[in-house]
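Atoms within each ligand, like the ligands themselves, are counted from 1 in listed order.
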Amino acid sequence: MTEDNRPKFSTKFGVIAATVGSAVGLGNIWRFPYEAGAHGGGAFLLVNLICVVLIGIPVVCAEFLMGRSSRRNIFGAMSSLAPRGGKWWRLAGFLGVASGTLILSFYAVVAGWTLEYLFQSVTGNLTAAGVRESHTEFSAFTAGWRCVFWTVVLLAINAMVVLRGVQKGIEKASNLMMPLLFVLLIVMAVNSLLLPGADTGLRFLFSPDFSQMNSATILSALGQAFFSLSVGLGTLTVYGSYFPADTRIVRSASIMAGLDTMVAIIAGVIIFPAVFSFGMEPAAGPQLIFEVLPDIFSQMAGGAVWSTLFFLLLLIASLTSTISLTEVGVAFCVERWHMSRPKALAATIGFVTFFGIFCALSFGPLSSLTVSGMTIFDIFDYVTSNIFLPLGGMLVSIFVGWIVDSATVDYELRPAPRFLRGMIVFLLRYLCPLAILAVFINNLLG
Ligand code: TRP
């Protein structure tokens, strides 16, 4: 496809809404709090911030510029930007597309849970009976086929947006949903801060406990940074390929990373004060917000309203992210195999639904199917976040730092000041690949 007839985001606001929409998702509201809860709160936050600034932002810039200069998806970008068609680099692009599909498979399951919880909140069931057995209820729900149903519904809503294309689908949906998301976040955070004993939760989130810090903290903080920023597998490359020629890449990357981190922190501010105020356990793992929060909502004044708002927030956040993940597969199928958009979408969603069902069932009928204690769902989550994303991030940084023509890189990073452009290239060449490698090796040995 040539530069001219490729669809583009139509406004600056659209660029920010779409990229922030991709970044802000379950990663911020569901994953960040339980990872922070399991790895010492503030210590995790601190390492995470360092990873975002020194490794995340440069890799985001790298992905944006790969997309914009090639006007292709990550597979196409790697073949067209590498000298001689980049035979091996295309494989890396393919790995990106494949892991996007795998992430979407377990992501859609959790996003589907939010639909059930939203439904139960609206009907008042979720907060009905005082202190309830949220744990049993969560287990009962995820053990059945009902959660497969919601996964499929979620994928269908998602497909309806993606089908409408870049401007009328992705951009328009993001423009509507992102402002609403920020309003919801702020309202919820104020409510949490007004709870008695909120300060214990804040202390947990903001004061680092370094005794909890080890190589696992660092790997998780890096994996979390990558997951939350949507880097490492071509989501941002494909969005970058829809950037107008005058989009400022470094600035957009920084705004995106800034807002994304802010949302994770606000989510922590919503969740931890509530958790401590009601005497719950912060290290509950992936179930944290689904088991602990309903209990809290049911004891809170106006609980049904708060839980509706919260799960609506979570739904909006996850939809804008699943849309971006779906677009990776769709753009790949359209460009590589010349499929029409509807066919490419059907292929991508078909794949994801297949894997998604296995992930959904791994809390129930398939829960005994485990490899070293991890269910299919856990394996998808662990392998993609802790192996594929860092690996993808490392390959992207080596690719842009060393392989892509440096004049092209410099041109795309303009009009950022020269010092900043040099700094980003330096980080991409040396720090990003080495830091990721070091964390990897450390984790393998430890
Ligand atoms: N960043 C999103 C979140 O925080 C999830 C996501 C969207 C993602 N696209 C991605 C994660 C690409 C990794 C790679 O929920």
message: Can you tell whether the side chains of Glu327 and Arg341 come within less than 4.0 Å, N to carboxylate O?
response: yes
Residues at least two apart in sequence or cross-chain that pass side-chain contact (heavy atoms from CB on, under 4.5 Å) with Val305, listed by chain then number, are Leu309
Test: Arg6 and Glu335 ion pair at under 4.0 Å
yes
Hits for side-chain contact (heavy atoms from CB on, under 4.5 Å) against Ala17, two or more places apart or cross-chain, chain-then-number order -> Phe13, Ser174, Asn175, Met178
inquiry  = Please report whether the ring centroid of Phe363 lies less than 6.0 Å from that of Phe141.
reply    = no
Under 4.0 Å from ligand 1, residues with heavy atoms, in chain and number order, are Ser22, Ala23, Gly25, Leu26, Gly27, Asn28, Ile103, Tyr107, Phe227, Ser228, Ser230, Val231, Leu233, Thr235, Ser321, Ser324, Leu325, Leu389
Contacts of Leu163 meeting side-chain contact (heavy atoms from CB on, under 4.5 Å) (sequence neighbours excluded), chain-then-number -> Pro342, Leu345
